[in-house]
Amino acid sequence: MATKFCTYFFILSLTFTIFNLTSQSSSPETNTLLTFKASIQDSNNALSTWSNTSSNHYCNWTGISCSNIEPISVTSITLQSLNLSGDISSSICDLPKLSYLNLADNIFNQPIPLHLSQCTFLETLNLSSNLIWGTIPSQISQFGSLKVLDLSRNHIEGNIPESLGSLKNLQVLKIGSNLLSGNVPAIFGNLTKLEVLDFSQNQYLVSEIPEDIGELGSLKQLLLQSSSFQGEIPGSLVGLHSLTHLDLSENNLTGLVPKSLASLKNLVSFDVSQNKLSGPFPNGICKGLVINLSLHTNTFTGSISNSSISECESLERFQVQNNGFSGDFPIEIFSLPKIKLIRAENNRFSGQIPESISKAVFLEQVQFDNNSFSGKIPHGLGFVKSLYRFSASLNHLYGELPPNFCDSPVMSIVNLSHNSLSGQIPQLKKCRKLVSLSLADNHVTGEIPTSLSELPVLTYLDLSDNNLTGSIPQGLQNLKLALFNVSFNQLSGKVPYSLISGLPASFLEGNPDLCGPGLPNSCSDDDMPRHHNSGLTILTCTLISLAFVVGTGFVVGGFVLYRRSCKGNDNEVGVWRSVFFYPLRITENELLIGMNEKSSLGKGGIFGKAYVVSLPSGELVAVKKLVNFGNQSSKSLKAEVKTLARIRHKNVVKILGFCHSDESVFLIYEYLNEGSLGDLISSQDFQLQWGVRLRIAIGVAQGIAYLHKDYVPHLLHRNVKSNNILLDANFEPKLTDFALDRVLGEAAFLSTLDSEGASSCYNAPEYGYNKKPTEQLDVYSFGVVLLELVSGRQAEATESNDASLDIVKWVRRKVNITNGVQQVLDPRISHTYHQAMIGALDIALSCTSVVPEKRPSMVEVIRGLQSLESRTCIANLQDPNEEHSIPV
Ligand SMILES: *[C@@H]1O[C@H](CO)[C@@H](O)[C@H](O)[C@H]1NC(C)=O
Ligand SMILES: *[C@@H]1O[C@H](CO)[C@@H](O)[C@H](O)[C@H]1NC(C)=O
Ligand SMILES: *[C@@H]1O[C@H](CO)[C@@H](O)[C@H](O)[C@H]1NC(C)=O
Ligand SMILES: *[C@@H]1O[C@H](CO)[C@@H](O)[C@H](O)[C@H]1NC(C)=O
Ligand SMILES: *[C@@H]1O[C@H](CO)[C@@H](O)[C@H](O)[C@H]1NC(C)=O
Ligand SMILES: *[C@@H]1O[C@H](CO)[C@@H](O)[C@H](O)[C@H]1NC(C)=O
Ligand SMILES: *[C@@H]1O[C@H](CO)[C@@H](O)[C@H](O)[C@H]1NC(C)=O
Ligand SMILES: *[C@@H]1O[C@H](CO)[C@@H](O)[C@H](O)[C@H]1NC(C)=O
Ligand SMILES: *[C@@H]1O[C@H](CO)[C@@H](O)[C@H](O)[C@H]1NC(C)=O
């Protein structure tokens with residue numbers, strides 16, 4: 001069969017060859033392209049059509065376009081995202097009409113291919129997202145014909161050469177996401193045609209914004225975000241009269257925003273967030289827009305003069321958050337005709353929200369928490385139909401909530417906590433998308449509106465610290481509330497049971513007249529027979545457990561005891577179901593009783609509190625109570641936990657069983673009493689030797705690699721951090737809290753992670769915009785743990801560790817300065833180990849690479865760390881002063 005096929009194929013190719021020789025005399029362009037192909041490694045055979053044995057004309061080859069004017073010739077080559085590597089050969093410049101070359105998103109690993117400057121008519125060179133390294137040589141000036149140069153997302157380092165300024169034809173210059181450093185020279189005087197300038201995400205670019213950028217009269221996009229620009233924003237930017245996108249966010253800019261920026265009329269997006277800018281915002285940034293305010297009445301009477309609205313009429317995004325701005329907020333912004341996003345949180349702005357906000361018909365998101373805004377919440381807000389987020393916590397807003405404040409049909413997040421609002425909470429019927437409502441710490445009175453229980457996706461409700469009265473509506477039980485905080489009000493009466501059982505008691509405290517099981521007051525109509533039932537429960541459970549113990553003894557993975565007979569009071573507790581993978585000999589009641597403030601393991605993770613519970617045998621287990629689990633069916637929940645419980649790896653904590661009712665899920669883990677790596681690093685006397693640290697890193701990496709590659713189904717940890725790495729008495733690390741997405745369901749998992757963890761420095765930067773779970777996200781988080789081990793410093797910024805930088809930013813800034821690497825290494829470790837520590841630091845830096853594709857796999861990480869280990873052993877032998885107590 002195979003022989004037959006080969007023969008057939010041979011004849012076929014022969015036919016083609018003959019055909020080819022006769023019909024398509026091997027043209028020079030064909031040969032040029034084939035020569036180019038010959039130097040390229042094409043592991044996926046993406047260029048299979050590039051062949052002189054087929055009858056296919058070269059203009060029809062993958063990625064090739066030709067001019068249709070005679071003589072026909074190649075004008076454009078687009079070979080993006082084909083996993084190509086090898087050499088980019090200059091032979092391609094033999095194509096006389098080549099003007100466009102796009103090799104973006106491949107794995108070319110080489111310096112900038114200067115020889116392509118021989119392509120006389122080349123106008124576009126796109127090498128973004130490759131592995132291009134080295135500096136930008138001054139000979140870059142040879143690319144005189146280029147109009148578009150895109151080198152973003154590579155590893156280009158060193159200074160920006162002045163000769164870049166001689167590329168007078170450039171319209172697009174993008175060098176974002178590289179490792180450029182130093183000062184940006186004044187090179188812009190001659191780049192008069194430049195429309196897009198992108199130097200963003202070059203963390204080592206410590207520079208002022210050059211004045212002469214202001215000479216770029218055609219510039220539409222100026223993207224300098226997330227680098228290290230410092231000093232003031234130059235007033236010369238007034239010259240950028242074509243500018244539509246200005247992004248200076250996440251730099252170290254200081255001083256005032258220059259008045260002149262007010263005249264940039266074509267701006268669509270203005271972002272100066274996360275700098276150290278201060279002072280008042282320039283008056284009349286959208287000057288001429290005259291607004292008739294009526295701030296102190298509850299009726300909408302705002303009007304906008306029509307005469308000169310054109311000033312800012314294109315502005316869609318206005319972001320000035322996380323700076324030190326003070327003075328009046330430019331309230332004109334609130335009523336611009338195209339505005340979508342306003343973010344001004346964490347400044348000291350004063351001012352009021354105008355009624356004319358109703359004119360902002362495209363407004364989607366407003367955030368100005370933590371400022372000094374005052375005045376009332378205008379009725380106009382309720383007329384903005386596209387608004388989905390409005391948060392204004394920590395201001396001085398007062399007055400009543402307008403009845404329509406939640407009328408936008410897409411409204412999902414409202415945060416008005418920590419203001420001085422009064423009056424009652426209106427009945428909320430229209431905002432069917434409302435997920436989160438916080439009115440905490442105001443002066444709101446009256447009852448909790450019953451209409452809240454009809455909002456289908458309401459998940460977070462915080463009404464604490466108000467003066468609410470009456471009882472808690474029974475209907476709220478129907479919601480899947482992850483947070484329901486009504487503490488410190490004047491509420492009274494019986495608390496719906498599921499709100500007691502599923503949520504911490506602290507959410508109800510400070511309401512002396514509330515009653516119910518577990519609260520200081522029991523309700524007068526509480527039914528008594530519960531005693532009888534729970535007695536029965538214990539009996540049933542004990543009997544079954546006994547039978548189980550007798551019948552099995554010690555059982556390894558996969559054995560499941562499934563009970564549905566254990567139930568408490570039918571109306572209240574609901575049916576408990578347990579699945580044990582290990583003979584635990586404990587009843588749910590005993591578990592529940594064992595889980596109290598005393599047995600709680602301190603902080604707990606964001607997915608729920610953990611408790612240590614003693615089994616009747618004296619053995620200890622850790623029990624994690626998951627909050628906010630999605631609506632998985634009992635069957636799929638069981639299947640998922642079983643999947644996780646089958647894992648047997650020395651670096652992954654064993655799941656011993658679980659227990660669930662309609663309201664709660666408890667995961668039962670083996671208990672390790674040495675605490676977590678996070679506890680250790682944060683303790684005052686953190687002293688671990690290098691050899692031990694390296695062992696821990698290798699163990700953790702092996703645990704993660706096991707989940708990624710060896711375990712079937714492949715799993716992602718999705719929450720790697722030092723607090724989720726437990727240590728046994730021999731410092732063998734064990735991962736916990738792994739793959740909770742499987743138990744909670746993706747939606748509930750993400751919403752929990754987002755509610756508290758989005759800003760965590762363990763999360764890779766791409767997590768902010770792409771929630772797709774990937775191995776690279778785990779690798780990044782592991783890299784952060786490794787940085788903690790190398791530096792002996794906690795990951796998150798804390799009061800005590802001097803700077804306000806998280807560990808990734810801190811290390812990145814250090815390693816760029818002379819002797820900075822030495823400063824990163826934990827001074828508590830002997831110099832003997834510095835070589836190995838620097839090796840580990842290198843691995844950590846590549847794991848925390850901003851570009852996910854550039855992070856190594858966990859298997860590569862293990863290999864790297866193990867090679868350091870052999871070096872560490874040698875260092876150990878050479879240093880007689882160092883103790884030799886590397887644990888097993
Ligand atoms: C074209 O094909 C012939 C035979 O298949 C081969 O000998 C020749 O080297 C090819 N030309 C190029 C430029 O590869
Ligand atoms: C490309 O292929 C199409 C059909 O597949 C054919 O009509 C066309 O003539 C080819 N172009 C060239 C330049 O050979
Ligand atoms: C990409 O190419 C490299 C080397 O050429 C190869 O090792 C790798 O498997 C390829 N990746 C994919 C996804 O094809
Ligand atoms: C370069 O190619 C990438 C990938 O196709 C694309 O996203 C990017 O916009 C291109 N750059 C320019 C300046 O067109
Ligand atoms: C602009 O071009 C002129 C003439 O080529 C040259 O003298 C000058 O130095 C250039 N300016 C910059 C900023 O490169
Ligand atoms: C920011 O700039 C200030 C003043 O120029 C400087 O003291 C500080 O070190 C800079 N901070 C960072 C993180 O670069
Ligand atoms: C503002 O309102 C006042 C009275 O309500 C009116 O006289 C005046 O013309 C309005 N101004 C504009 C610019 O609409
Ligand atoms: C405002 O201007 C638009 C067009 O520029 C016009 O259609 C509209 O009638 C004007 N409105 C008022 C109140 O003058
Ligand atoms: C609640 O009301 C009481 C009496 O009406 C008042 O003394 C108290 O200050 C109010 N508390 C808050 C937080 O508004």
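Counting convention: from 1, in listed order, for ligands and their atoms alike. Just so you know, these numbers use all the heavy atoms, side chains as well, and skip hydrogens, waters and symmetry mates.
Any N or O atom pair closer than 3.5 Å counts here, and Q41 shares no such pair with ligand 3.
Residue pairs meeting the disulfide (SG to SG under 2.5 Å) criterion with at least one partner in residues 75-157, sequence neighbours excluded, are C93-C119. Pairs passing the disulfide (SG to SG under 2.5 Å) check and including a residue from residues 156-197, sequence neighbours excluded, do not occur.
Salt bridge absent: R153 and E853 never bring a charged side-chain N and a carboxylate O closer than 4.0 Å.
A side-chain donor-acceptor contact under 3.5 Å links E29 and S73. Using a 3.5 Å distance cut-off with no hydrogens or angles, the side chains of D105 and S81 do pair a donor with an acceptor.
Below 4.0 Å from some heavy atom of I107 lie the following atoms of ligand 3, by number and element: 1 (C), 2 (O), 3 (C).
No more than 12 heavy-atom neighbours from other residues, nucleotides or ligands sit within 6.0 angstrom of CZ on F362.
Not counting sequence neighbours, the partners of L644 by the side-chain contact (heavy atoms from CB on, under 4.5 Å) test are I655, L715, F738, A739, R742, V743.
Among protein residues, Q80, N102, A104, N126, S128, V148, D150, V172, K174 come within 4.0 Å of ligand 4, judged on heavy atoms.
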